Chemist: 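Structure provided below as structure tokens; questions to follow.
Protein chains get the first letters and strands the later ones, always in sequence-line order, with residue 1 at the start of each. Model, not experiment: these values are computed from the prediction.
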Protein chains: 2
Amino acid sequence: MPKTMIPGYTYGSDTLPRSPIGLEELDRLKATVMFTSADEEALRMAGDVLEDQVGQVLDVWYGFVADHPHLLAYFSTPDGKPVQEYLDRVRSRFGQWILDTCRRPYDQSWLDYQEEIALRHTHEKKNTADGAGAVDNIPLRYVIAFIYPITATVRPFLAAKGHSAEQVEAMHQAWFKAVALQAALWAHPYVRDGDW
Amino acid sequence: MPKTMIPGYTYGSDTLPRSPIGLEELDRLKATVMFTSADEEALRMAGDVLEDQVGQVLDVWYGFVADHPHLLAYFSTPDGKPVQEYLDRVRSRFGQWILDTCRRPYDQSWLDYQEEIALRHTHEKKNTADGAGAVDNIPLRYVIAFIYPITATVRPFLAAKGHSAEQVEAMHQAWFKAVALQAALWAHPYVRDGDW
Ligand code: HEM
Ligand code: HEM
């Protein structure tokens, strides 16, 4: 599916506000998660490995959410009915995010969309991209905790295309760093002024 | 060093406030990081493996902090002088935390001390345990980002005592879950009301 066809996906759009976080801070965060150019290369390889498995990765993640009522709640109305159209629309953007994490340069446009994704998890913008009637905020604690399943469950997919143990490990560590980095960025709108 | 000898370490103390986070929420967070009783067992094993290597683990972590001015800043005065006594005192508590993460039951007393550790990273309580004159707040973004180095650098130590590849992997995954769980708990005092 070409990018422009994904409903609600606004990466690189002219109307997207600039992130308040700049490239200098991004460099400090990259250093904190030990992210180097070798990780960039490993992510490029991961993009090629994951490209035709994105649907299966999403099946695992959506299965995990569906199995946990306290998570499914955020794709559901306040009285607890899952909103199927919302689940479907977010799924396409989530799939694109996997490839973006692997292939996009982590530049100012990328930071701008990180801030947008962050806001879409909060009161400020949740539901707006899809006109959904779901619960209107995802608590930050689950976003941070999710670093684990989003990292661990990807490993078998990285190993599924016959790469060496060393290559799989390099792709997996780079993925872990990229997820931790994004969770740190996404905390921004949740945090009290000056404490992010 | 017996626990009572660690300056500023107040785990289980009567004067410690109760955490606003309870066991029911802890269960949801555990489920979110996929933490099970098998992980508890793996952490017990990790405690035995790490016990006599704690000093070396801390050397790696302190080396990492010392190598990054934007991290060393939080152990330093506002004008940038590292406070050696503060570094030393925190180091003893950090060592004890490694063993607590492996050996303590994750019960209400544990939650109470998690909230205390969280507060010690914020304006509210930073420097107070040691009467230190350092910068008085650690930004949440670095706490989240730190999940990576705190997880990745432990692996060689888990592998250093001749356990099978499977046992090392189990210990390492349990450790990763425990660190992500704690980072999620520590976000609590940083976050706007209702958004944690
Ligand atoms: C590491 C943690 C997480 C990652 C990597 C992640 C990733 C994503 C991505 C890529 C999107 C789509 C962004 C876009 O609009 O282009 C998204 C949206 C969404 N995520 Fe997350 N997410 C995380 C945590 C969570 C958690 C814990 C929940 C709770 C169930 C959740 C529920 C949602 C929902 C409901 C949306 C749609 C938001 C909207 O209304 O636009 N996410 N997430
Ligand atoms: C996963 C992330 C982190 C973990 C697991 C961690 C762990 C700990 C532990 C166990 C303590 C001692 C708690 C006690 O008083 O008993 C502590 C205190 C401290 N940590 Fe962290 N920490 C993390 C992130 C950071 C970051 C990013 C920095 C920035 C350099 C930092 C700087 C400090 C400082 C300065 C103290 C002393 C606080 C005080 O004044 O009491 N920590 N940390």
Chemist: Specify which of L29(A), T32(A), I144(A) makes the most heavy-atom pairs with chain B at under 4.5 Å.
Modeler: T32(A)
Chemist: Given a strict heavy-atom distance threshold of 4.5 Å, which part of T151(B) is in contact with chain A: side chain, backbone, both, or neither?
Modeler: side chain
Chemist: Please look at P69(B) and chain A and tell me whether the side chain, the backbone, both or neither of the residue comes under 4.5 angstrom of a heavy atom of that chain.
Modeler: neither
Chemist: State, with a plain yes or no, whether a side-chain heavy atom of R192(B) is found less than 4.5 Å away from one of D193(A).
Modeler: yes
Chemist: Which pair of non-hydrogen atoms, one from A145(A) and one from V33(B), has the smallest distance, and what is that distance?
Modeler: O-CG1, 3.5 Å
Chemist: Of all heavy-atom pairs between P139(B) and W196(A), which one has the smallest distance, and what is that distance?
Modeler: CB-O, 3.3 Å
Chemist: So do D195(A) and N137(B) actually touch side chain to side chain, heavy atoms under 4.5 Å?
Modeler: yes
Chemist: Could you have a look at A184(B), A183(B), G194(B) and say which one has the most heavy-atom pairs with chain A under 4.5 angstrom?
Modeler: A184(B)
Chemist: Say you draw a straight line from CZ of R28(B) to OH of Y142(A); how long is it, rounded to the nearest 0.5 Å?
Modeler: 4.5 Å
Chemist: Non-hydrogen atoms of chain A under 4.5 Å away: do they reach the side chain of I147(B), the backbone, both or neither?
Modeler: both
Chemist: Flag the one option from K30(A), Q173(A), H188(A), H68(A) with the top tally of heavy-atom pairs under 4.5 Å to chain B.
Modeler: Q173(A)
Chemist: Check the orientation of F176(B) and F176(A). Use parallel for under 30°, tilted for 30 to 60°, and perpendicular for over 60°.
Modeler: parallel
Chemist: Contact part of F64(B) toward chain A, heavy-atom cut-off under 4.5 Å: side chain, backbone, both or neither?
Modeler: side chain
